[in-house]
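What follows is a short report on a single structure.
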Amino acid sequence: MEGALICLILLFLMVISGVMTRFVPFLPTPLIQIAVGTLLADLFPEFFAVGFNPELFMLLFVPPLLFNDSWHFPKREFLLYTRPIIMLSIGLVFFTVAGIGYLVHWLIPAIPLPAAFALAAALSPTDAVSLRSMTAGARIPDRIMHILQGEALLNDASGLVSFKLAVAAMLTGVFSLKGALWSLFFISLGGIAIGVTLTYVFISLLGKLTKHNVHETTTENLLLLLLPFTVYLIAEKLGFSGVLATVAAGFTVDRAGFLDRTMAKMRLEGHFVWGVLDITLNGIIFILLGLYLPHAIKFLKATGYSLSEYTMIVVLITLTLILLRTAWIYLTLPFEALISRRNKSSWRFPNIKIIGTFSLGGVRGAITLAAILSLPHMADGGPFPERKLLIILVIGVVLCSLLITSLFLPLITPGLKNLLHKHNQDEENEAVLALSKAAVEAIKTKMKSLCDEVNGRERDLCMEVANKLMDSFNQFIVSNHGTENEKLESILALTFERQLRYAALEGAHQELRSLRKERKINNTTMMKIIARLDLRQIALHTEHQILTGSLGTTTQGVKGA
């Protein structure tokens, strides 16, 4: 009962933080959620004496969040930016482990060098979930975000393997570089193989279920929801990387035939299910971190360090993490220039703003917390050396990295898109225009075949309907490719059409409520019709987003007029 109550309270805190975010939009949501959790834990310390179970934490939060991120990660961009992603997700991890490990051992000699390397390895993976949350309002160009998110999705494996090797060296006093490299290859390859294989099996089952019932889609969505948990558990049970298995599953869903084997209704419902799950789990992670913070401060008293000393060490480690990222980027630039010269492609030295964005984009989060909290006991049953101090150092660095990113990243992102060659919005606009032209041609072709099969009056009706449909598409095409006067007129026409459609939907809603009030229809009928009207309203809202996104400055000119 107490566990269920805590879950309900966590959901309530999610609502509270969401409301607060709307009143203070300049503060990132994760910081508000951490503050809410900390305040509540401080007010009710006995009830919220939260302790983390690392294995349960990893199982409940990491698989669905990583699966959702990797599923929606653009695969073309991953292939296009494979080299920088690999260099950041593997090379930078080992560079960070060496740099932070020696720094921590130098700052706190009481921490043995292998234990310091374990701390550095736990800090080396960046977090895709935290990154997305902290950069929601920073307007980072998609190209940079793709590289940062690709790094975050892959560096978990190299970071966690480094962590396990450092812990093993602390426990046994033995370290083998050859064994470490083989372990990294074996664990990564096995995790990827399991993720890909099980995804094909799951999508095949989805297709078979859909064939037997095209109306009920709850079972299919539940099956897909179980996929990340299944691949994670099986990979971990077999000794492979559950994190990489989950990422591989997300990357494989579409290639396994998800779009071809599922119904539109299932995809639409699943879109909202995964959206709510993603926001909820993401928020609970930061709330739990806030709830755990007072507990960590109690650990600090037991270590013998004052709050000022602890703060200085945390800030120094965090700044060193940022400096190591910056140094690694500069070290890889000659390599990038050499490859571009060999491929005879253009290359230029990146702007300082771009490098600064990559440096501040290394946010730490859930994986780091779960790793350091999983520190085992020594072989003789004693505690891991300086375990409490290592835990509170990691918690401090996670909070400090979130704070620095939220404060300084928005200062350097304005104007960043102008430094890149092509905006992704241009690509989207071109695709929408191409689809509109293809739709017009398809209507013309279908109209000819239909008109050949009917008599004169029906032929006139068919052509009238087809022309109305083509006018709607042509209106959008002209708004992008016409003369300035044609664009302005077309934009006004589309704006009027959208407003009139909204008015029609509102009128339908009012009439529906009147019919229900007069008891001419019952609740069931009303809810069925409302569902249809809601879908139409969502479609209209989506059309409006496409329109405003594609018209850009021209739309602003019309509004000004």
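These numbers were taken from a predicted model, which means no experiment stands behind them.
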Using a distance-only test with no angle check, is there a side-chain donor-acceptor pair under 3.5 angstrom linking T525 and N522? yes

Counting only heavy atoms not in R255, do more than 12 sit closer than 6.0 Å to its CZ atom? no

Can you give the donor-acceptor pairs under 3.5 Å from side chains of residues 195-202 to other protein atoms, not counting sequence neighbours?
residue	atom	partner	partner atom	Å
T197	OG1	A193	O	2.8
T199	OG1	G195	O	2.6

Intermediate values then yes/no, side chain to side chain contact (heavy atoms under 4.5 Å, CB included), L399 and L289: CA-CA 9 Å; L399 289 173; L289 178 57; 3.8 Å; yes

Rounded to the nearest 0.5 Å, how far does CH2 of W274 lie from CG of N221? 9.5 Å

How long is the gap from CD1 on I354 to CD1 on I412, to the nearest 0.5 Å? 10.5 Å

Where do L10 and L291 land on the side chain to side chain contact (heavy atoms under 4.5 Å, CB included) test, with the steps shown first? CA-CA 10 Å; L10 288 175; L291 291 174; 3.8 Å; yes

Over 12 non-hydrogen atoms of neighbours within 6.0 angstrom of CE in M463: no

Take atom NE2 in H271; do more than 12 heavy atoms of anything else shown fall under 6.0 Å from it? no

Considering non-hydrogen atoms only, spot the tightest contact between V243 and E236 and give its length. N-OE2, 4.4 Å

Does K448 have any salt bridge (Lys or Arg N to Asp or Glu O under 4.0 Å) partners at least two apart in sequence or in another chain, and if so, which? none

Whether the side chain of T280 engages the backbone of L277 through a donor-acceptor N/O pair (distance < 3.5 Å, no angle test) should be reported. no

CG of L233 to CG of L59: how many Å apart, nearest 0.5 Å? 5.0 Å

Check whether any side-chain heavy atom of T126 sits under 4.5 Å from a side-chain heavy atom of V363, and report yes or no. no

Quick one: does V247's side chain get under 4.5 Å of F73's, heavy atoms only? no

